[in-house]
Amino acid sequence: MSLTQFRSADESAPAVRPSRVTIQSLQDKKSQGRPIVALTAYDYATARLVDEAGVDMILVGDSLAMVVLGYDNTLPVTMDEMIHHTRAVRRAVKRAMVIADMPYGSYQVNTGEGVANAARFLKEAGAEAVKIEGGASRMDLVKRLTDAEIPVVAHLGLTPQSVHRMSGYRVQGKSVAAIHHLVKDALALEAAGAFTVVLEGIPTEVAQRITAALRIPTIGIGAGASCDGQILVLHDLINMSFSPPAKFVRRYGDAAALITDAVHSFRKDVEERHFPSEEESYHLGKDALAALLQEESLGKRKA
Ligand code: KIV
């Protein structure tokens, strides 16, 4: 992590603050062949841990709908819910770029509404960019967002908001025609102003060709190792998503086991009166205790 010196407001205490990830620093990583690391986060606590671990991009994904809110797909999550969670993430993150995912229905109706909703993420929630799903049909929106100073991450391939059209979550780009389509979409989105493209659920060979064709970075999820960066859903990474992991998920930890063990131990301690201990309890001072005991004994004598 590169660090820059700055002085706090009173100038007396020098402090060290990590330098922020920017569009330029992401682009530099692509040019230098240094992989970009991205993860989702949806709340203050996890966003803080993810940021402090040195991740480059934090996406407040609409996967929030599934992994945090318990819906079957990403479609039900609303603008207000996404804004609420993006704000929490923003408060936690000091270094990574914070990207807000535009929820289904917030940009498909018309371009004006899409721009107005995207602006809310920057203005009300402090996001630095928005992500939208879809190919060349989003070119006009991407141009308008870019003109409105709203950086755009595009998302191609298996786009979860198209779950019904795709007849489920299926790997995309498997025929030569579909591959040409994807490459054309990626180039169109780059030309329209997108600064990064997420490639989800496509064969490695296709992601490799798109990554080579684009000047802007590609971030893969289920798209093989040749993308310029990789993203996963945090809850998949730490076993908190309650569903069998997709082929592309690697579990790096078991938060479910950690939480379950902790809660079982707490329950046992409470039921067996081992919690709280003396050290975990507050006590009256000597004088207050004496006064209380005296009052209680007077009360007993009167009765
Ligand atoms: O919502 C999401 O989590 C995503 C992925 C790219 C991880 O869109």
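First listed ligand is number 1; within each ligand, the first listed atom is number 1. Keep in mind the model is a prediction, meaning the values are calculated, not measured.
- Salt-bridge check for Asp101 with Lys131: passed, with a basic side-chain N closer than 4.0 Å to an acidic carboxylate O.
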* To do: Determine, step by step, whether Tyr104 and Ser106 satisfy the side chain to side chain donor-acceptor pair (under 3.5 Å) criterion, reporting the C-alpha distance in whole Å, the side-chain angles of both residues, the deciding distance to 0.1 Å, and the verdict.
  => CA-CA 6 Å; Tyr104 177 68; Ser106 69; over 6 Å; no
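- Partner of Asp228 under the salt bridge (Lys or Arg N to Asp or Glu O under 4.0 Å) criterion, out of Arg34, Arg215, Lys30: Lys30 alone.
- A salt bridge links Lys29 with Asp56: the distance from a Lys NZ or Arg NE/NH1/NH2 to an Asp or Glu carboxylate oxygen falls below 4.0 Å.
- Using a 4.0 Å heavy-atom criterion, the residues that approach ligand 1 are Thr40, Leu59, Gly61, Asp62, Ser63, Asp101, Lys131, His155, Val198, Ile221, Val233.
- For the pair Glu205 and Arg209, the salt-bridge criterion is not met [side-chain N within less than 4.0 Å of a carboxylate O].
- Remark: Glu295 does not engage Lys300 in a salt bridge, criterion side-chain N to carboxylate O under 4.0 Å.
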